[in-house]
Amino acid sequence: MPYIEPSEYLDVEGRAGEPIALPIAGGPATGHAWSLELPEGVERIEDGPQRPLDPSLRLGGASGGYLRVTAPRGEHVIVARLARPWQPDQPVRVVSIRLHVG
């Protein structure tokens, strides 16, 4: 996949061995899906519980739950891309998430 500069940078804190919610929601009704570039030791787990739709949010603010990961102690960087499955090289949103795990 070609490199695309992130348009957003977010910081997230969590605890080792516990689910960590990322500030991006799964399940957009637009046909787009998040793909995550995970560093070694960071694993995606089942999404968080459903949440109500906030009409003020646009793309990526659907009624799905937040994406979640587990990670070991340390500093990690996750790159999240929101794209249609048949157009993975054309994301509509790219987010760099700095994950601080204690």
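For the single chain, residues carry numbers from 1 onward in sequence order.
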For E18, what residues pass the side chain to side chain donor-acceptor pair (under 3.5 Å) criterion, not counting sequence neighbours?
->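 None.
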Partners of E43 by side chain to side chain donor-acceptor pair (under 3.5 Å), sequence neighbours excluded?
-> none
Heavy-atom pair of closest approach, residues [X] and [Y]:
X   : Y    : result
G31 : P85  : O-CD, 3.2 Å
A16 : P72  : CB-C, 4.2 Å
A71 : V101 : O-CG1, 3.7 Å
A83 : P91  : CB-CA, 3.7 Å

Any donor-acceptor N/O pair, T70 side chain to P19 backbone, under 3.5 Å |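 Here the side-chain-to-backbone pair does not exist.
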Between R68 (side chain) and E46 (backbone), is there a donor-acceptor pair under 3.5 Å?
-> yes
Worked verdict on R93 versus E8 for salt bridge (Lys or Arg N to Asp or Glu O under 4.0 Å) | CA-CA 8 Å; R93 188 173 170 198; E8 297 175 58; 2.6 Å; yes
Does some side-chain heavy atom of Y66 sit less than 4.5 Å from a side-chain heavy atom of L22?
->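 L22 does not reach Y66 side chain to side chain.
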Quick one: [atom1] on [X] to [atom2] on [Y], what's the gap to the nearest 0.5 Å?
X   : Y   : atom1 : atom2 : result
E37 : I97 : CD    : CD1   : 11.5 Å
L82 : I24 : CG    : CD1   : 8.0 Å
I4  : D89 : CD1   : CG    : 6.5 Å
H32 : R84 : NE2   : CZ    : 4.0 Å

Can you tell me if CD on E75 sees more than 12 non-hydrogen neighbours from other groups inside 6.0 Å?
->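 Count over threshold, so yes.
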Take atom CZ of R98 as the centre, draw a 6.0 Å sphere, and report whether it contains more than 12 heavy atoms from other residues, nucleotides or ligands.
-> yes
Scan L38, I20, V69, V42 and name whichever one has a side-chain contact (heavy atoms from CB on, under 4.5 Å) with H76.
-> V42
From the options V12, D11, V95, select the one residue that forms a side-chain contact (heavy atoms from CB on, under 4.5 Å) with P23.
->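 Exactly one candidate clears the test, V12.
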Decide yes or no on side-chain contact (heavy atoms from CB on, under 4.5 Å) for L36 and V79, but give the supporting numbers first.
-> CA-CA 6 Å; L36 302 178; V79 177; over 6 Å; no
S96 and V77: CA distance, side-chain angles, deciding distance, side-chain contact (heavy atoms from CB on, under 4.5 Å) verdict = CA-CA 7 Å; S96 178; V77 176; 3.6 Å; yes
